[in-house]
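Below you'll find the structure, written out as structure tokens, and then a few comments.
Below, each value reflects all heavy atoms present in this structure, side chains not excepted, and no hydrogens, waters or symmetry copies.
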Amino acid sequence: MNKPLKILAILLGGLLALLAILAVTLTLVFDPNEYKGKIIEAVKDKTGRELRIEGKLGWSFFPWIGIETGKLELGSAPGFGPEPFARIDAAGAKVELLPLLRKQVVVDTVFLDGLKLNLARNAAGKTNWDDLVKPPTAAQAAEKTTPGKALGIGGISVNKIDIRKADIAWKDQKNGAQYSVHNLDFNTGKIVVGKPVDIHLSFDLESGQPPLRTRVDLKSRMNLDLEAQTLDVDSLTLALGDLNLQTNFKGTHILDAPAVSGALEISPFNPRALMDKLGVKVETTGKMALTRLSLKTRFSATTDSVELKDLAINLDDSRLNGSLAVRHFTKPSYQFDLALDQIDMDSYLPPAAPAAATGPKPGTATSAQPVEVPLSALRALAMQGKFRIQKLKAMNLHSSDVVVQVAADNGLITLGPNQAKLYGGKYAGRTTLDVRGKTPTLAIDESASGVELAPLLKDALRFDKFSGTANLSAKVTAQGLDAGQIKQTLNGTAGFAVQSGAIKGVDLNKMIDTIKTAERDKSYQKLAELSPQSGDETRFSQLGGTAQIKNGVVQNNDLKIQSPKLLNVSGKGSADLPKETLDYTVTAGSYPIIIDGPFSKPRFRPDWNAILKSKVEEKKTEIKEKLQEKLKERFKLR
């Protein structure tokens, strides 16, 4: 038994000795540099590009089959200028010989030093690498098999991949974009099929428009199994300036139907500072707005959907929680259920523009610029969700316990039923936007009860001339999407009832006394206009009425005011919303007062024609009554 083993050992030893002698002989006899010309010619024949080999080619045979090269340069495609497409200072790789006999591939370090890669796209949309990635023919595609199986390879391992000091530039003549990556380093730990591998990538990112320069650093530990089509990422961290992202996830069916699920966290950072670094200038009313942001969530995604669960976003002093999903990327459908503890929306608006030195004349309605609304996007919008906000400030209005429900399907968008608490009362409403037709249509049905008007009007309109507890309702329709169109096409009804309030800046009782004095003195012509004084007000216990709205003109014919000092106060008239003008008459007893002119500066005038006519009628009535009394007395005497 020992003799055959000795013979076998002698044969193997002889074989190895023969291989060693052969390897030494080949490295001494065969010089790959003699084939530079043929290599350059083959590249020219296959790609039409010039290949320059400046350095020497070196190779080894035993125990590693390997090759190394010095400087290489590959020319760019025709029409893309004289700059080379790619250039390297040195590159190389080695494969261990003996494992190949066991159908295993063991690769030593694969290295690439000093890569300079210039990528470009011309104005016609063609890139300078299109000719290098021609699609395979039908026959070539049919010959493709699963990597490794065609060769019967049992295992592949790479000790290390090391790319150092690479530069990559991208110039796009089609849209003017320019980006570049400098000082790129990429290295891995040992790569073995079915086992985790560590990866590290870092580079400086630069762009021309907007100007940008920032450091990007990515570290990860992952396990890729092509045969099982799985990808497990135990940890992945990405640092982009001050932005730090951490994630872990598992992927299945990564070749035919990729699906991943995992967790994502973004550590607190200053988004305003990051945007400044990226060349994006953002100005907000709130000086501390957009200065702190963090995110944490669990996610799942496929090539056609993404879903976020346990979503937690902290933005400045606001906390957002809930879930969000987007399905069918080609025709997206959005679902969400979100809750926000508090937010000041006004602080994220841009600062108000300085007031112009000369504004429009009073009563001249300013025409807003038409708003470009993407109707096609609204018609395609599919959405279902609920949004809750504990405390909200928007358009300087304060509210709490806000609930907004959204539904959108085939161009019909509904907000509601919505509800909120505001200024001591409650709000309820429903708004529908229909963009299925050529012209968008709005339908609004809203009401508020027990609302304190004084703080609401002061916050909303900087108007502090009205107080009281109000019940308000409006049911209107309109067409268009900008303010001007909505005002001109506004139609519907409204109602209002206010208790225990005051109209500040107007004292109806004083105005009536002034009119009576002028009437007594017969100085009608001297009192053409009534001028309210500072501190004037009209207090009331009840004020109410209804309104009909037609094409933006609000008509009210049943105003009633109950006041301790005034009797039989009524009003009727109109307000033209598009023109922002009033034409209204308030009557206290037998004294009508005309209120007209622009909303911003209305005039108050005694209606002398109506007053004098009323006095004439009163005199006629008085004379008639006296005549009737005399006739009665005469007939009684007889």
Side-chain angles (χ1 to χ4, degrees), residues 284-286 288-289 311-324 335-349 383-408 413-433 442-476 478 486 490 492-504 540-547:
T284 57
T285 301
M288 298 303 294
L311 178 64
I313 298 177
N314 294 341
L315 175 61
D316 302 324
D317 296 326
S318 302
R319 307 289 179 266
L320 177 70
N321 298 94
S323 60
L324 172 67
Q335 290 87 39
F336 62 87
D337 188 353
L338 300 170
L340 188 64
D341 64 344
Q342 61 178 357
I343 191 167
D344 180 355
M345 296 293 295
D346 297 338
S347 67
Y348 296 96
L349 296 176
M383 182 179 293
Q384 189 79 35
K386 180 183 289 187
F387 202 174
R388 294 177 294 276
I389 308 173
Q390 291 181 21
K391 292 176 63 177
L392 170 66
K393 178 173 175 281
M395 296 184 291
N396 209 44
L397 288 173
H398 298 263
S399 56
S400 63
D401 297 336
V402 180
V403 178
V404 178
Q405 299 188 69
V406 182
I413 303 167
T414 302
L415 300 177
N418 303 322
Q419 61 188 49
K421 294 179 181 178
L422 69 164
Y423 299 93
K426 295 181 179 180
Y427 158 85
R430 183 186 184 94
T431 300
T432 301
L433 173 62
L442 274 168
I444 301 172
D445 187 354
E446 297 183 325
S447 65
S449 60
V451 174
E452 294 296 329
L453 285 180
L456 184 148
L457 293 174
K458 186 176 181 180
D459 287 348
L461 304 173
R462 303 294 193 271
F463 179 78
D464 58 357
K465 303 298 185 183
F466 213 104
S467 65
T469 303
N471 294 334
L472 309 169
S473 63
K475 191 172 184 179
V476 297
I486 290 173
L490 196 66
T493 59
F496 55 95
V498 188
Q499 296 179 343
S500 304
I503 304 172
K504 297 182 180 181
F540 59 85
S541 56
Q542 298 281 344
L543 181 151
T546 60

CD1-OG distance between I503 and S467, expressed to the nearest 0.5 angstrom: 9.0 Å

Residues which pass salt bridge (Lys or Arg N to Asp or Glu O under 4.0 Å) with K393, listed by chain and number, not counting sequence neighbours: D344, D346

D401 CG: over 12 foreign heavy atoms closer than 6.0 Å: yes

Non-neighbouring partners of R319 that pass salt bridge (Lys or Arg N to Asp or Glu O under 4.0 Å), sequence neighbours left out: none

Exercise: identify the closest heavy-atom pair between A470 and V498: CB-CG2, 4.0 Å

Interatomic distance, K386 atom NZ to N418 atom CG [nearest 0.5 angstrom]: 10.5 Å

D459 side chain to L397 backbone, donor-acceptor under 3.5 Å: no

Distance-only donor-acceptor pairs under 3.5 Å for side chains of residues 447-457, two or more places apart:
residue, atom, partner, partner atom, Å
E452, OE2, T469, OG1, 2.8

Between OG1 on residue T414 and CD on residue Q384, distance to nearest 0.5 Å: 9.0 Å

Side-chain (Q405) to main-chain (P417) donor-acceptor, under 3.5 angstrom: yes

Residues in side-chain contact (heavy atoms from CB on, under 4.5 Å) contact with A289, at least two apart in sequence or another chain: R272, T284, D316, S347, Y348

Distance-minimising heavy-atom pair for K391 and I389: O-CG2, 3.3 Å

CA sep, side-chain torsions, deciding dist, call: T431, E446, side-chain contact (heavy atoms from CB on, under 4.5 Å): CA-CA 8 Å; T431 300; E446 297 183 325; 4.0 Å; yes

Qualifying residues under side-chain contact (heavy atoms from CB on, under 4.5 Å), relative to T493, sequence neighbours excluded: K475, Q548

Whether over 12 other heavy atoms sit under 6.0 Å from M345 CE: no

Intermediate values then yes/no, side-chain contact (heavy atoms from CB on, under 4.5 Å), F466 and L543: CA-CA 11 Å; F466 213 104; L543 181 151; 4.0 Å; yes

CG-CG distance between L311 and N321, expressed to the nearest 0.5 angstrom: 7.5 Å

CG on L320 to CG on L315, rounded to 0.5 Å: 9.0 Å

Q542 vs Q499 side-chain heavy atoms within contact, under 4.5 Å: yes

Those residues that, when tested against D337, pass salt bridge (Lys or Arg N to Asp or Glu O under 4.0 Å) (two or more places apart): R388

Value rounded to 0.5 Å, distance of CD1 in I343 from CG in D317: 10.0 Å

Heavy-atom side-chain contact between F387 and V402 under 4.5 Å: no

